There are 2 protein chains.
Amino acid sequence: MRISARTQYALGAMLALAVADSPVHAEKIAVTQDIPRRFCDNILLQLRRAGLIRSQRGPDGGYWLARPPGEIALADVIRVTEGAEQALRPFSPAAAPLAEIWDRLRSQEDALLSEITLADVIASRDRHQDRDRSSGNGQDVPSDAGRGMS
Amino acid sequence: MRISARTQYALGAMLALAVADSPVHAEKIAVTQDIPRRFCDNILLQLRRAGLIRSQRGPDGGYWLARPPGEIALADVIRVTEGAEQALRPFSPAAAPLAEIWDRLRSQEDALLSEITLADVIASRDRHQDRDRSSGNGQDVPSDAGRGMS
DNA sequence: TATCATTCCTACTATTCAAGTAGGAATAAT
DNA sequence: ATTATTCCTACTTGAATAGTAGGAATGATA
């Protein structure tokens with residue numbers, strides 16, 4: 001997995017929207033998530049075009065999630081910001097079996113990231129802030145919190 | 001996982017050495033694995049410095065594996081060529097829980113790649129070639145070519 | 001209507017990193 | 001001595017990431 005700054009910014013923005021209960025300005029997202037102002041615009045635009053968030057222009061405008069946090073997986077966001085990663089095909093016949101391994105790696109990644117939703121991340125954050133603040137090295141991220149609201 | 005061309009070249013080279021029973025020239029590796037000649041040198045040097053292969057200079061020189069193929073995991077090679085991937089740390093407190101997820105992704109990858117050895121890859125290749133060629137490859141247990149130098 | 005704050009859009013620059021090259025020194029066999 | 005190879009540092013180049021710029025479109029409010 002590559003995890004570009006753009007992706008992590010996008011996830012931060014999505015999380016910010018997930019905990020808000022009304023439209024949020026790009027300006028506020030940029031500040032709270034520490035995203036360069038114009039870059040934030042840029043990313044939000046991409047997320048909206050992908051259908052993950054909605055928006056309203058003008059004063060009193062802002063952004064909000066298109067679906068509840070429990071129905072948006074990390075993979076949904078990452079797929080948008082990372083784009084279609086072109087599979088590197090092996091160069092020689094001897095290396096051909098590697099292609100299958102790359103596939104397994106990718107589907108393994110996809111499985112994990114498809115199971116974790118924005119709601120899960122928020123829940124895990126809340127839990128860590130409750131008990132141990134110093135380390136943040138826990139190991140529990142539940143996979144189904146908040147699903148099923150459609 | 002990123003999988004650079006360099007990494008795939010390196011794995012190809014290692015596989016080439018794994019099926020050989022005597023030292024192999026960089027030239028031959030470059031040709032059979034379709035690696036740009038000088039780049040191949042470059043990669044082999046890196047693999048040698050990491051202790052994965054050994055070498056001998058001069059005419060009659062070449063490269064060979066430092067350990068038998070069954071004792072070299074793909075992860076061993078990839079760690080060398082990909083270097084220490086610095087974990088992208090989250091930018092905002094809200095995104096902090098992502099760090100744990102990136103860790104899980106990485107250890108999941110590592111688990112898979114640590115289990116698969118060069119010997120495994122070769123075996124899987126042979127299995128896939130079963131219908132084309134009759135067997136008799138006779139290189140099931142390639143081991144150290146017995147050159148204690150460099 | 002005018003004003004103003006916001007989203008929206010295209011295109012641009014800067015920086016970093018992967019990919020590959022170049023020139024030649026060191027070594028070893030003959 | 002010659003020659004074939006590995007060894008080493010540094011360089012070039014192309015692509016991708018990160019971030020910026022300028023302004024048009026929209027919508028609330030007065």
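On a predicted model such as this, the values are computed, not experimentally measured, just so you know. For the numbers below, each heavy atom of this structure counts, side chains included, while hydrogens, waters and symmetry mates do not. Here is how names work: the chains are called A, B, and so on, in the same order as the sequence lines, proteins then strands, and each is numbered from 1.
- Rounding to whole angstrom units, CG of residue B:Leu44 and P of D:dT5 are separated by 14 Å.
- When every heavy atom of B:Ala13 is checked against every heavy atom of B:Gln33, the shortest pair comes out as N-CG, 4.2 Å.
- Closest non-hydrogen pair, B:Ala73 versus B:Ser114, comes out as CB-O, 3.5 Å.
- Salt bridge absent: A:Arg106 and A:Asp110 never bring a charged side-chain N and a carboxylate O closer than 4.0 Å.
- For the pair A:Arg54 CZ and C:dT6 C1', the interatomic distance rounds to 19 Å; values are reported in whole Å.
- For the residue pair A:Gln56/A:Trp64, the side-chain donor-acceptor check at 3.5 Å is not satisfied.
- Donor-acceptor pairing under 3.5 Å is recorded for the side chains of B:Ser4 and B:Glu82.
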Show me the protein contacts with nucleotides 8-10 of chain D, counting only N or O atoms at under 3.5 Å.
from: D:dC8; atom 1: OP2; to: B:Arg48; atom 2: NH2; distance (Å): 2.6
from: D:dC8; atom 1: O5'; to: B:Arg49; atom 2: NH2; distance (Å): 3.1
from: D:dT9; atom 1: OP2; to: B:Arg49; atom 2: NH2; distance (Å): 3.2

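- Nucleotide C:dC8 holds its P atom 4 Å from the OH atom of A:Tyr63, rounded to whole Å.
- Here ring pair (Phe, Tyr, Trp, His ring centres under 6.0 Å) pairs that include residues 3-55 of chain A, with residues two or more places apart or in two chains, are A:Tyr9-A:Phe39, A:Tyr9-B:Phe91.
- For A:Ser4 and D:dA18, the shortest distance from a side-chain N or O to OP1 or OP2 is below 4.0 Å.
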Which atom pairs, one a donor and one an acceptor, fall under 3.5 Å between side chains of residues 43-53 of chain A and the rest of the protein, sequence neighbours left out?
from: A:Gln46; atom 1: OE1; to: A:Arg6; atom 2: NE; distance (Å): 2.8
from: A:Gln46; atom 1: OE1; to: A:Arg6; atom 2: NH2; distance (Å): 3.0
from: A:Gln46; atom 1: NE2; to: A:Val80; atom 2: O; distance (Å): 3.4

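- Counting heavy atoms from C-beta outward, B:Val121 and B:Leu11 have side chains that stay 4.5 Å or more apart.
- Salt bridge status for A:Arg37 with A:Glu27: present, with a side-chain N to carboxylate O gap under 4.0 Å.
- Closest to the B:Ser55 side chain, of the nucleotides C:dT7, D:dT6, D:dG19, is D:dT6.
- Residues that satisfy the side chain to side chain contact (heavy atoms under 4.5 Å, CB included) test with A:Val19, not counting sequence neighbours, are A:Ile122, A:Arg125.
- Residues of residues 13-30 of chain A having a heavy atom closer than 4.0 Å to DNA chain C, listed by number: A:His25, A:Ala26.
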Provide a list of protein-nucleic acid N or O atom pairs under 3.5 angstrom, restricted to nucleotides 28-30 of chain D.
from: D:dA28; atom 1: OP1; to: A:Gln56; atom 2: NE2; distance (Å): 3.1

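- Rounded to whole Å, atom P of C:dC8 lies 11 Å from atom CZ of A:Arg37.
- Spacing between atom CD1 of B:Ile35 and atom P of C:dA19 amounts to 12 Å, rounded to whole angstrom units.
- Rounded to an integer number of Å, the gap from B:Gln8 CD to C:dA18 C1' is 14 Å.
- Across the protein-nucleic acid pair, B:Ile43 atom CD1 and C:dA18 atom C1' stand 11 Å apart, rounded to whole Å.
- In this structure, B:Tyr9 reaches the C:dG20 phosphate: one of its side-chain N or O atoms is under 4.0 Å from OP1 or OP2.
- The 12-atom threshold is not exceeded at CZ of A:Arg54, counting heavy atoms of other residues, nucleotides or ligands nearer than 6.0 Å.
- One atom, CG of B:Leu47, and another, C1' of D:dT6, lie 14 Å apart when rounded to the nearest Å.
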